[in-house]
Each structure stands twice: as structure tokens, then as C-alpha cells.
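Before any comments, here is the structure.
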Amino acid sequence: MSMTGILLAALIVGGTGLFIGVFLGISGKKFAVETDERWEAVLDALPGNNCGGCGYAGCSGLAAAIVAGEAETGACPVGGAPVAETIAEIMGAEVSVQERRTAFVKCAGTCEKAKTEYEYSGIRDCIMASQMQDGGAKGCAYGCLGYGSCVEVCPFDAIHIIDGIAVVDREACKACGRCVDVCPKHLIELIPYKQRTAVQCGSNDKGKALMEVCETGCIGCRLCEKNCEAQAITVNNFLAHIDPEKCTNCGVCAQKCPRKVITVHEV
């Protein structure tokens, strides 16, 4: 190939590249999607755990919702008040901080207190174990299986298996709700952090049937309900439930409970 041919080919290739570059540059400016600068600022203020506890698909989803006015400035359960204040300043809005909550496991059936029906030798996973005979090896069909599915999904190392049941570290818990979603027995719920008193049982079995499989657990005797001056406790379907809005955390119900299944946490 002659030198002229080489130069001509180079000019054609270079000219084509230049044209494409200019075309893409003009198109990029013309069709560019404008982004709200506040979105990046809000995203930077969020902790970045992407836990989903806010109800959105990660921190970017929450940031978009806050900027769009669809979520409150304090919607992040992990960031708490400090993050809410920062976001409120970015948005030029009032600070709205959600009440702090924590996960609570409604089971006190430890290895010593709960009866086991058979030896389970499958995959150490609550979801798998719950598919076995009678919903798992535990005598109480409502009890914690203790294989740690909740532990595996917790991004804050706030829940551990101790003596056969899941136990929540209230200080480490950020109430993201992942443990709530994964528990096949639906034993974990989010309660107000300030709520010191809670019923550590989720069984709806009658008293006699429950006592045959567990040394603790609510038998629906109603002593707690009868002795609660605030009328914060009701017994439905053989299980006591405490209304956190009415409860004064006096601890009388825990004292009267013959099964010692009502716990009182220090705050």
C-alpha cells in the first residue's frame, strides 16, 4: 500500500472517530437527565448499610424517596437522630425522628426448658428444619428452632443463639426487620426500645398442652391481665399480649406470672 493510501485511511478513521465523538458529546448534553444535587448529599449522609429497614431498596432508594418528599427525614432506623438532623438540614425541613425500636424474640424455651421430639440431622437452618415433621424437632410447634437463620441475615451482629434460642442484643439492634422476615415461626417482632416489659412466648396452645412440652411459656392463666392496673395486658387465644402504649413498665405482671415468661429489660 502506498503512503498516500495509508494517509487517506488514517484521515478517514480519524475523521470518523472525531465525528462520533462530537455527536456523542452533543447528544449527551441534549438528552442529559438532570439530577437533584440533594440526592447525593442525602445519600452521603445515610450510613450505607443497605439493610432495607426503612422499607426501600437500600440507601439510594431511601435518598430518592426523601428528596421526592415520599419519606421522612428520619426514616433511616440505623442512622437515628444524628442522621435525621443532617438530612433535615440538607432538605431544609423539620427533623422527624422515628421512635427507636428493637427486635424481640417471643420464646423462652431453652434447651433445658423445652422438650425435643426427635433428633434433627439435616441442614442447620430454621427454614429447612421447619419443613420437617411437626414443624421441627422442638416439642412446642411455636418455639424457636435455634438454628440461626436470623443470625445469618442480621447485618449488625445483634442476634445470637444462646442455649438453643435466639437472643437479641438490644443495644446493637437497629430494627432493620430482616430477622422478623426470615423467622419461619414468626417469633420475632419489633417493639419500642423503651418497652421494658414483654411476653417471651408465642404459643397459642392450651395450658395443659403447653406444659407437656415446655417448662415455661404462657398458659393463658390471666393473672397478668387481672393484676395490671394500666389495663395494658390482654389474653387472647391462650397468649398474653402487652400494649406498649398503655404499659407503664411497672413490672407487676412479671412478678405475678407463675411461668416467669414475662421479661423486664433494663434501659
Side-chain angles (χ1 to χ4, degrees), residues 51-56 62 65-66 70-85 88 93-108 142 144 150 154 156 158-159 165-183 185-204 216-267:
C51 63
C54 58
Y56 292 91
L62 176 58
I66 291 174
E70 298 172 356
E72 297 181 349
T73 57
C76 175
V78 179
V83 170
E85 291 174 2
E94 293 184 0
V95 179
S96 60
V97 182
Q98 294 184 349
E99 181 182 22
R100 181 179 178 183
R101 297 189 297 170
T102 184
F104 177 74
V105 182
K106 299 180 290 184
C107 182
Y142 300 90
C144 175
C150 52
C154 179
F156 306 103
I159 188 166
I165 61 173
V167 178
V168 176
D169 180 342
R170 287 165 54 88
E171 300 306 317
C173 179
K174 303 300 181 182
C176 69
R178 289 192 178 186
C179 57
V180 177
D181 295 335
V182 78
C183 178
K185 298 290 185 176
H186 308 294
L187 279 173
I188 308 176
E189 65 179 3
L190 298 180
I191 64 173
Y193 177 80
K194 66 180 182 181
Q195 179 61 32
R196 295 172 50 212
T197 312
V199 181
Q200 201 172 359
C201 181
S203 173
N204 290 126
T216 187
C218 179
I219 56 176
C221 67
R222 296 184 181 276
L223 280 176
C224 55
E225 184 180 65
K226 294 175 182 178
N227 286 277
C228 180
E229 294 184 358
Q231 298 183 329
I233 306 178
T234 54
V235 177
N236 294 307
N237 202 13
F238 309 104
L239 179 64
H241 174 75
I242 298 176
D243 183 344
E245 297 298 324
K246 296 180 180 180
C247 180
T248 60
N249 291 309
C250 66
V252 172
C253 56
Q255 296 172 11
K256 297 294 182 179
C257 178
R259 304 284 287 175
K260 302 305 176 186
V261 75
I262 300 179
T263 61
V264 180
H265 296 282
E266 296 295 331
V267 290

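Hydrogens, waters and symmetry mates play no part in the numbers below; they use all other heavy atoms, side chains included.
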| query | So do the side chains of Val105 and Ile165 get within less than 4.5 Å of each other, counting heavy atoms only? | reply | no

| message | Within the structure provided, determine whether Leu190 and Thr102 are in side-chain contact (heavy-atom separation under 4.5 Å). | response | no

| task | Decide yes or no on side-chain contact (heavy atoms from CB on, under 4.5 Å) for Glu99 and Lys194, but give the supporting numbers first. | result | CA-CA 9 Å; Glu99 181 182 22; Lys194 66 180 182 181; 3.0 Å; yes

| field | Distance-minimising heavy-atom pair for Ile188 and Ala103 | value | CG2-CB, 3.9 Å

| message | For Val78 and Cys176: C-alpha separation, side-chain torsions, deciding distance, then whether side-chain contact (heavy atoms from CB on, under 4.5 Å) applies. | response | CA-CA 8 Å; Val78 179; Cys176 69; 5.5 Å; no

| note | In terms of heavy-atom contacts, Ile233 and Glu225 come closest through O-CG, 3.2 Å

| query | Arg196 side chain to His265 main-chain N or O, any donor-acceptor pair under 3.5 Å? | reply | yes

| query | Quick check: does any side chain N or O of Lys256 sit under 3.5 Å from a backbone N or O of Gly251, one acting as donor and the other as acceptor? | reply | no

| message | Test: side chain to side chain donor-acceptor pair (under 3.5 Å). Region: residues 227-240. Which pairs qualify, not counting sequence neighbours? | response | none

| query | Below 4.5 Å, heavy atoms only, C-beta onward: do Cys201 and Leu239 meet side chain to side chain? | reply | yes

| request: Just do the side-chain contact (heavy atoms from CB on, under 4.5 Å) check on Val180 and Arg178 with the steps written out, would you? | output: CA-CA 5 Å; Val180 177; Arg178 289 192 178 186; over 6 Å; no

| request: Work out which heavy atom in Gln195 is nearest to a heavy atom in Thr197; give both atom names and the distance. | output: NE2-O, 2.6 Å

| said: Applying side-chain contact (heavy atoms from CB on, under 4.5 Å) to Phe104 and Arg170, what does each step give before you reach the verdict? | reply: CA-CA 8 Å; Phe104 177 74; Arg170 287 165 54 88; over 6 Å; no

| task | Could you pull out the closest heavy-atom pair between Ser96 and Ala84, with the gap in Å? | result | O-CB, 4.3 Å

| Which atom of Leu187 lies closest to which atom of Gly202, heavy atoms considered | CD2-CA, 4.2 Å

| note | Correct closest heavy-atom pair for Ala254 and Val264 would be CB-CG2, 3.6 Å

